[in-house]
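A short worksheet on the structure shown next.
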Amino acid sequence: MHGSYYDKHSVMSTSKAHELQLWRTASQASRFSQPSQAQSTVNLGNTSPLIALPWELQLSIISHLDVRGALQLRQTCQLYFQHLTTEAVEKLFTEAGYITFDLLNCCIECFAMPPIGYLVLGESCRQNSWRSSCFRCWRVKRSSDYYLKPDRFITFVNGRTGHVCTFCGWPVCFNIMHPSCRRMVLAMKLVSWGLSVIHFSALILAITAAWIHYVEVPAVLIPATLNFFIAFGSLTLLTLDLLQDSNTTHSRLPMELTSTLLWMPAVVYAAQRISGGHASWNSYPAFICGLFTARLLTHALNVIGFGISSSGYDTRSPSLPGLSVCRRALYVVCSFLVYWASVKYR
């Protein structure tokens with residue numbers, strides 16, 4: 001009984017020693033055929049015997065897989081994750097100088113395989129090379145190149161052409177803007193137009209009060225009257241821009257700046273009345289001061305928005321994937337300021 005016990009364990013010990021010797025021999029034989037990463041980094045207890053084969057033989061075995069199978073193998077261990085690089089995968093699935101159809105439908109950045117219509121062909125000097133990118137990776141890597149040239153075409157893997165959305169920066173197959181982005185831009189234009197209507201309504205109240213209570217005060221009557229006609233003309237041009245998708249910025253911007261400057265005599269008169277105790281903060285002079293302050297705030301937001309835009313900021317940055325909450329909020333504020341200025345003054 002004791003003899004069988006020792007014989008059994010001696011056989012097991014000899015078997016383990018034999019397996020270890022085979023592993024060392026295979027490792028020494030494949031050391032010069034492996035890529036630069038050391039084989040010793042692999043945990044011997046948790047790996048397949050396939051790892052012990054020379055690297056050329058492993059590549060020969062991997063070449064019989066399809067692209068999806070090779071990418072799944074890449075996720076099995078650190079060795080394949082490091083060695084099955086973009087260059088290695090492209091070499092494996094290139095036949096007679098042309099990449100296979102499966103590799104064409106795989107993203108070169110993240111190795112994802114979305115539906116065929118959701119990959120973009122990148123610009124490359126080698127036309128038959130692997131240059132497909134999924135929408136997410138393309139948005140991060142290449143979309144900023146199309147910010148100043150939104151009319152440039154992009155080519156999808158399925159052979160169709162499209163554009164880069166001028167609002168969010170993601171690829172779009174038809175037109176130059178997604179339907180949801182187009183609705184967002186229209187909503188922003190309507191908000192800008194609504195604010196102009198509110199300003200014009202306030203001017204109607206201002207000119208009515210001026211002609212009733214300040215007929216004998218030219219410092220109030222003249223600015224209120226002139227601003228009423230200027231605001232009417234500016235609102236008319238802005239309405240034409242909204243209905244006809246035209247651009248009358250070169251006419252509206254000087255008009256609105258002139259309107260703000262014309263309020264100066266009335267504001268000085270109102271400030272003197274309030275500081276002298278002749279008027280309260282709920283009277284017409286206070287209304288004039290508030291209207292003038294709102295105009296200055298509007299112009300300040302326009303200047304900040306134009307400044308951010310002139311610095312090269314991409315207004316489509318909030319749609320970048322993988323952003324933190326704080327950075328996305330910062331991008332949203334910056335994009336809002338730019339759109340505040342650009343929607344009304346394109």
Side-chain angles (χ1 to χ4, degrees), residues 15-143 154-159 170-171 320-322:
S15 176
K16 290 183 179 179
H18 181 64
E19 291 180 0
L20 182 59
Q21 182 65 30
L22 288 177
W23 172 264
R24 290 175 178 173
T25 304
S27 299
Q28 292 175 359
S30 61
R31 182 180 302 171
F32 298 101
S33 61
Q34 294 264 354
S36 59
Q37 297 292 332
Q39 188 76 23
S40 59
T41 59
V42 181
N43 186 359
L44 303 183
N46 299 325
T47 57
S48 168
L50 179 66
I51 304 296
L53 298 177
W55 183 245
E56 286 79 2
L57 185 57
Q58 293 187 46
L59 287 179
S60 178
I61 297 175
I62 297 173
S63 64
H64 291 279
L65 300 174
D66 57 5
V67 175
R68 191 179 298 275
L71 296 180
Q72 291 175 349
L73 179 65
R74 186 175 181 267
Q75 303 296 325
T76 57
C77 67
Q78 185 178 4
L79 176 69
Y80 290 130
F81 185 82
Q82 293 177 347
H83 292 164
L84 289 179
T85 60
T86 301
E87 294 77 12
V89 173
E90 182 176 4
K91 185 177 179 180
L92 280 173
F93 298 98
T94 300
E95 301 175 357
Y98 293 91
I99 61 175
T100 60
F101 182 77
D102 288 341
L103 188 60
L104 181 67
N105 297 313
C106 178
C107 176
I108 193 173
E109 300 289 343
C110 65
F111 295 102
M113 299 186 71
I116 186 173
Y118 294 90
L119 288 132
V120 181
L121 286 178
E123 298 176 357
S124 175
C125 56
R126 296 187 301 152
Q127 294 298 321
N128 297 324
S129 61
W130 183 24
R131 50 199 176 97
S132 307
S133 296
C134 65
F135 281 10
R136 179 185 177 90
C137 294
W138 194 91
R139 175 65 184 89
V140 176
K141 299 288 186 179
R142 296 298 315 281
S143 182
I154 57 175
T155 305
F156 299 98
V157 170
N158 57 8
W170 290 74
L320 284 171

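Nearest heavy atom pair, residue Trp138 against residue Ile154, reads CZ2-CG2, 3.8 Å. Of all the heavy atoms in Tyr118 and Pro114, the pair that sits closest is O-CG, 3.8 Å. Here the shortest heavy-atom pairing between Thr85 and Phe111 reads C-CZ, 4.5 Å. Between His83 and Ala88, the shortest heavy-atom contact is O-CB, 3.6 Å. The shortest heavy-atom contact between Val67 and Met113 is CG1-SD, 4.4 Å.
By the side chain to side chain contact (heavy atoms under 4.5 Å, CB included) test, Glu109 pairs with Cys107, Ser133, Cys137, Lys141, sequence neighbours left out.
Interatomic distance, Arg68 CZ to Asn105 CG, rounded to the nearest 0.5 Å: 9.5 Å. To the nearest 0.5 angstrom, Phe93 atom CZ is 8.5 Å from Ile62 atom CD1. We find the OG1-CG distance between Thr94 and Leu103 to be 6.5 Å, quoted to the nearest 0.5 Å. Going from atom CZ of Arg74 over to atom CG of Leu79 covers 12.0 Å, rounded to the nearest 0.5 Å.
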Show your working on side chain to side chain contact (heavy atoms under 4.5 Å, CB included) between Val120 and Phe135 and close with a plain yes or no. CA-CA 7 Å; Val120 181; Phe135 281 10; 3.6 Å; yes
For the pair Arg131 and Ile108, evaluate side chain to side chain contact (heavy atoms under 4.5 Å, CB included) and give the outcome as yes or no after the intermediate values. CA-CA 6 Å; Arg131 50 199 176 97; Ile108 193 173; 5.5 Å; no
Can you check side chain to side chain contact (heavy atoms under 4.5 Å, CB included) on Tyr80 and Gln75, steps first, answer last? CA-CA 7 Å; Tyr80 290 130; Gln75 303 296 325; over 6 Å; no
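Side chain of Ser132 to backbone of Leu104: a donor-acceptor contact under 3.5 angstrom is found. Proximity of a side-chain donor or acceptor of Trp130 to a complementary backbone N or O of Cys106 within less than 3.5 Å is detected.
For the pair Leu92/Leu84, a side-chain contact is recorded, criterion being any heavy-atom separation below 4.5 Å from C-beta on.
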